[in-house]
Enquirer: 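Take this structure first; my questions come after.
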Amino acid sequence: MQSQSLQRYLPILVAALIVIVVLLAVVLIVRQPGEPAATPEATTAVAEEAAGLSGDAMAVAQERGLTPDDVIAALKTYIPTGKPDEYIMFSSGGHSGQVLVIGLPSMRLLKVIGVFTPEPWQGWGYGAEETMKVLEEGRVDGKEITWGDTHHPALSETAGDYDGQFLFINDKANARVAVIDLRDFETKQIVKNPIAINDHGGAMVTPNTEWVIEGGQYATPLAWEYASLDDYADAYRGMVTFWKFDRDKGRIIPEESFAMELPPYWQDLCDAGKKVSEGWVFCNSFNTEMSTGGVEEGNPPFEAGASQRDMDYLHIINLKKAAEVAAAGQVKQINGFNVITLDTAIAEGLLYFAPEPKSPHGVDVTPGGDYLVIAGKLDPHVTVYSFEKIQKAIESGAAEKDQYGVPILSFDDVVETQIEVGLGPLHTQFDDKGYAYTSLFLDSAVARWTLGGPYQELHDDPAWSLVTKIPVHYNVGHIAAAEGDTVSPDGKYLVSLNKWSVDRFVSVGPLLPQNFQLIDISQPGDQLQLLYDMPIGIGEPHYAQIIKADKLQPWDVYPEIGWNPHTQSKDPNAVEAGQERVERNGNTVEIWMTAVRSHYNPERIEVKKGDRVIWHITNIERAKDATHGFALPGYNINLSLEPGETVTFEFTADQDGVYTFYCTEFCSALHLEMTGYFLVQP
Ligand code: RUQ
Ligand code: CUA
């Protein structure tokens with residue numbers, strides 16, 4: 001009888017106990033003793049949300065010391081297994097010379113695309129002919145360069161919106177631009193700028209990707225010829241290059257590209273006009289003082305010498321007209337490249353200056369193309385220029401000229417407004433609610449402020465005013481908002497690309513990883529929430545762009561067996577099953593091999609020392625998880641053969657011996673058996 005009633009009441013008792021534990025946990029978690037209380041509204045909201053957590057979840061949150069905000073942040077970023085991310089961020093890989101592909105909001109690293117630097121997993125730069133060719137295009141005066149300082153990725157655009165087809169990125173160190181095809185996420189081309197040894201203001205694209213912009217940085221004589229620093233003003237020059245992009249070919253066409261010679265001010269970031277300002281390009285500059293350094297000789301160091309003037313020059317470039325001038329042949333050939341000289345640029349009305357305060361860094365065009373936002377590292381304001389006012393000022397003629405004869409528009413004529421946002425403003429992004437976001441390097445914060453004019457109707461705050469700031473950790477450089485530099489930004493997320501991660505992660509020695517911080521910008525007003533920290537342990541990324549994931553349409557497998565990813569067509573040396581063979585022609589041995597789970601065919605290759613070996617391998621698989629690797633020890637050959645791909649590599653068998661080649665991807669249960677012998681007779 002007794003045990004019966006216990007059985008009946010036990011579930012009720014247990015349920016009551018769980019309720020009490022949950023309530024207690026809610027109280028504990030919402031208000032930890034000694035901690036300042038949250039605002040009453042926030043507490044209620046969080047308590048309500050937190051009450052929805054089960055006892056187990058509460059216990060976990062409590063055990064891990066998570067605050068209600070932490071729990072919300074976790075819920076906003078967690079992606080269950082098997083579910084894809086909503087956005088993809090393409091980030092510069094900094095010194096690694098690569099591009100990082102990161103899912104948002106989970107901040108999971110999906111891929112590191114080999115670009116300027118050899119990348120073993122993708123077999124990028126380890127023998128495969130097409131990868132060697134691309135890396136060779138990036139040589140500087142014939143010299144092999146095995147790294148890059150990648151700064152600004154740029155997704156291809158159609159009508160000012162990301163179209164998900166191509167990605168471009170610059171290498172600041174060597175003035176190079178790379179083209180990545182987003183059908184297979186592989187680098188297809190590297191162009192070396194023929195007139196500049198370094199760059200910075202690239203890559204940026206025009207709204208329909210006709211042009212990829214590469215702005216310069218530290219001035220040198222064009223084509224980096226020797227000239228004494230005593231002749232700086234006469235012999236040194238800046239530049240901006242417009243690379244012609246052929247979308248069908250998926251390549252930059254150097255012969256149809258051109259550069260514009262600029263005074264030896266240090267051009268910095270550029271942005272392309274869009275909508276009303278389409279056809280124009282805007283670049284910052286600093287060191288209009290033309291300081292040449294020499295601290296060792298008692299001169300002011302660059303940091304002081306280049307920061308004396310209150311104003312530098314915003315470069316306003318009529319790209320549409322410049323392209324016509326270049327097409328008409330009004331160019332000079334410098335190192336085999338089309339260059340519009342400074343004199344031609346001035347005479348044809350292609351170039352104007354407007355003063356910009358003080359050591360400017362970022363220039364960012366608003367979604368409608370109607371304003372440009374410029375942030376000066378040493379000025380707490382952002383300065384907003386009106387494109388309409390710029391056009392009027394150009395029409396009415398500039399009164400002043402710089403020492404090279406470039407017309408200078410008057411500051412008051414072209415500026416719309418200035419907004420004090422904080423210390424060290426750098427870069428600006430936009431959202432769908434009429435807000436702009438500016439990174440504050442010295443404040444270690446991101447400022448949210450309002451746009452006026454046509455954007456006024458999107459928000460309830462006063463026009464052109466600071467709304468709020470969210471602290472980030474810590475020195476923030478660029479920020480990237482979801483599609484935040486296009487004609488139709490999404491809002492939702494913003495990533496703060498912070499330099500160094502002081503006090504953020506477990507120490508990994510004196511070289512600190514960088515830190516990406518994900519911020520929820522979906523709510524209006526002062527509601528910004530920091531959601532997630534992601535350490536980046538591969539270099540110092542500068543810029544990133546965030547695209548809606550469903551805009552990308554990558555291939556699952558290559559379209560046909562025997563595909564050459566470089567030509568994006570069937571390779572003449574594609575090998576079909578049954579056609580495998582080895583042919584000798586004098587001292588040349590040519591091999592046509594297939595790879596399929598889990599063997600190569602042929603499995604034995606025998607050559608003589610000194611033979612030239614030409615080796616083609618086709619992965620004849622059609623399944624989407626059937627990548628095979630190919631490693632040839634001792635010869636530094638390492639390939640990745642994605643389903644359908646044909647790869648060719650060539651080498652001289654200059655070491656005799658027995659070499660075992662094998663597959664480097666765990667492709668099946670019998671993957672270890674996917675191997676073969678390469679015998680080199682003495
Ligand atoms: S940079 S942190 Cu764009 Cu190369 Cu400003
Ligand atoms: Cu193919 Cu392992």
Side-chain angles (χ1 to χ4, degrees), residues 88 90 99 101 113 115-116 130-131 133-134 137-138 150 152-171 176-193 201-215 240-259 270-275 277-281 317 319-320 322-324 326-327 337-338 365 369 483 485-488 543 545-556 558-560 563-571:
I88 295 294
F90 290 96
V99 163
V101 185
I113 306 175
V115 186
F116 296 107
E130 77 267 14
T131 74
K133 265 190 219 152
V134 174
E137 291 170 346
T150 52
H152 307 101
L155 284 154
S156 58
E157 296 180 8
T158 299
D161 238 327
Y162 300 152
D163 54 36
Q165 293 181 3
F166 295 94
L167 183 78
F168 308 91
I169 190 154
N170 73 313
D171 163 25
R176 300 183 294 176
V177 173
V179 181
I180 297 161
D181 190 328
L182 294 177
R183 284 175 295 184
D184 59 359
F185 283 56
E186 275 195 18
T187 305
K188 301 301 171 190
Q189 185 182 25
I190 294 176
V191 287
K192 164 75 198 102
N193 195 303
M204 281 84 197
V205 299
T206 51
N208 286 298
T209 323
E210 307 95 332
W211 301 100
V212 182
I213 301 162
E214 184 192 15
V240 57
T241 295
F242 302 101
W243 293 104
K244 180 78 192 162
F245 184 63
D246 184 324
R247 209 186 269 265
D248 294 332
K249 294 198 176 84
R251 293 289 193 279
I252 281 169
I253 313 293
E255 309 78 58
E256 293 175 28
S257 307
F258 68 95
C270 298
D271 201 5
K274 46 189 136 189
K275 291 202 164 167
S277 54
E278 183 165 354
W280 292 75
V281 167
I317 296 165
L319 171 58
K320 187 163 172 262
E324 287 162 13
F337 199 62
N338 302 320
V365 178
E483 311 219 347
D485 60 4
T486 69
V487 295
S488 59
Y543 188 41
Q545 286 186 332
I546 302 169
I547 181 175
K548 196 84 194 304
D550 59 16
K551 285 187 173 177
L552 298 165
Q553 309 273 299
W555 288 326
D556 285 335
Y558 280 112
E560 269 182 77
W563 199 259
N564 179 327
H566 192 61
T567 59
Q568 297 288 36
S569 62
K570 190 160 172 165
D571 193 283

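Note that these values count all heavy atoms, side chains included, but never hydrogens, waters or copies made by symmetry.
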Enquirer: Under the rule for salt bridge (charged side-chain N to carboxylate O under 4.0 Å, His left out), what residues qualify as partners of Lys320, not counting sequence neighbours?
Expert: none
Enquirer: Output all residues satisfying ring pair (Phe, Tyr, Trp, His ring centres under 6.0 Å) with Phe258, sequence neighbours left out; order by chain, then residue number.
Expert: Trp211, Phe242
Enquirer: Kindly give the heavy-atom pair with the smallest separation between Val281 and Cys270, and that separation in Å.
Expert: CG1-CB, 4.5 Å
Enquirer: Could you pull out all residues at least two apart from Asp171 that satisfy side-chain hydrogen bond (donor to acceptor under 3.5 Å, both in side chains)?
Expert: Asn174, Arg176
Enquirer: Write down the atom of Ile169, the atom of Phe116, and the distance for their closest heavy-atom approach.
Expert: O-CZ, 3.7 Å
Enquirer: Under the rule for salt bridge (charged side-chain N to carboxylate O under 4.0 Å, His left out), what residues qualify as partners of Lys188, not counting sequence neighbours?
Expert: Asp184, Glu186
Enquirer: Under the 3.5 angstrom rule, does the side chain of His152 hit a backbone N or O of Ala203 as a donor-acceptor pair?
Expert: no
Enquirer: Regarding Asp485 and Tyr543, do their side chains bring together a donor and an acceptor under 3.5 Å, going by distance alone?
Expert: yes
Enquirer: Test of understanding: with side chain to side chain contact (heavy atoms under 4.5 Å, CB included), list the residues that count as partners of Lys551, not counting sequence neighbours.
Expert: Asp161, Tyr162, Glu483, Ile547, Lys548
Enquirer: Would you call the rings of Phe90 and Phe185 parallel, tilted or perpendicular, where under 30° means parallel and over 60° means perpendicular?
Expert: tilted
Enquirer: Using a 4.5 Å cut-off on heavy atoms from C-beta on, say whether the side chain of Ile546 contacts that of Ile88.
Expert: no
Enquirer: Of all residues at least two apart in sequence or in a different chain, which pass the side-chain hydrogen bond (donor to acceptor under 3.5 Å, both in side chains) check with Asp571?
Expert: Asn564
Enquirer: Side chains of Ser257 and Ile252, heavy atoms from C-beta outward: is any pair under 4.5 Å?
Expert: yes
Enquirer: Once side-chain hydrogen bond (donor to acceptor under 3.5 Å, both in side chains) is applied, do any residues pair with Glu324, and if so which ones, sequence neighbours excluded?
Expert: none
Enquirer: Thr209: what forms a side-chain hydrogen bond (donor to acceptor under 3.5 Å, both in side chains) with it, not counting sequence neighbours?
Expert: Arg247
Enquirer: Please report the shortest heavy-atom distance between Ile213 and Ala272, naming the atom on each side.
Expert: CD1-CB, 3.8 Å
Enquirer: Which atoms form the tightest heavy-atom contact between Val177 and Trp243, and what is the distance?
Expert: CG2-NE1, 3.9 Å
Enquirer: Going through the distances and angles, do Leu167 and Leu182 end up as a side-chain contact (heavy atoms from CB on, under 4.5 Å)?
Expert: CA-CA 7 Å; Leu167 183 78; Leu182 294 177; 4.3 Å; yes
Enquirer: Restricting to pairs with a member in residues 248-258, which pass salt bridge (charged side-chain N to carboxylate O under 4.0 Å, His left out), not counting sequence neighbours?
Expert: Asp246-Lys249
Enquirer: Heavy atoms only: give me the nearest Val365-Ser277 pair and the separation to one decimal.
Expert: CG1-OG, 4.1 Å
Enquirer: Is any side-chain heavy atom of Val179 closer than 4.5 Å to one of Phe166?
Expert: yes
Enquirer: Report the residues that fulfil side chain to side chain contact (heavy atoms under 4.5 Å, CB included) with Asn208, sequence neighbours left out, ordered by chain and then residue number.
Expert: Thr158, Ala159, Glu210, Glu278
Enquirer: Using salt bridge (charged side-chain N to carboxylate O under 4.0 Å, His left out) as the criterion, list what pairs up with Glu130, not counting sequence neighbours.
Expert: none
Enquirer: Less than 4.5 Å apart, side chain to side chain, heavy atoms only: is that true for Ser156 and Phe168?
Expert: yes
Enquirer: According to side chain to side chain contact (heavy atoms under 4.5 Å, CB included), who are the partners of Glu137, at least two apart in sequence or on a separate chain?
Expert: Val134, Gln189, Ile190
Enquirer: State, to 0.1 Å, how close Tyr558 and Pro565 come at their nearest heavy-atom pair, and which atoms those are.
Expert: OH-CB, 3.5 Å
Enquirer: What do the steps show when you test Ile180 against Val99 for side-chain contact (heavy atoms from CB on, under 4.5 Å), and what is the final call?
Expert: CA-CA 10 Å; Ile180 297 161; Val99 163; 3.9 Å; yes
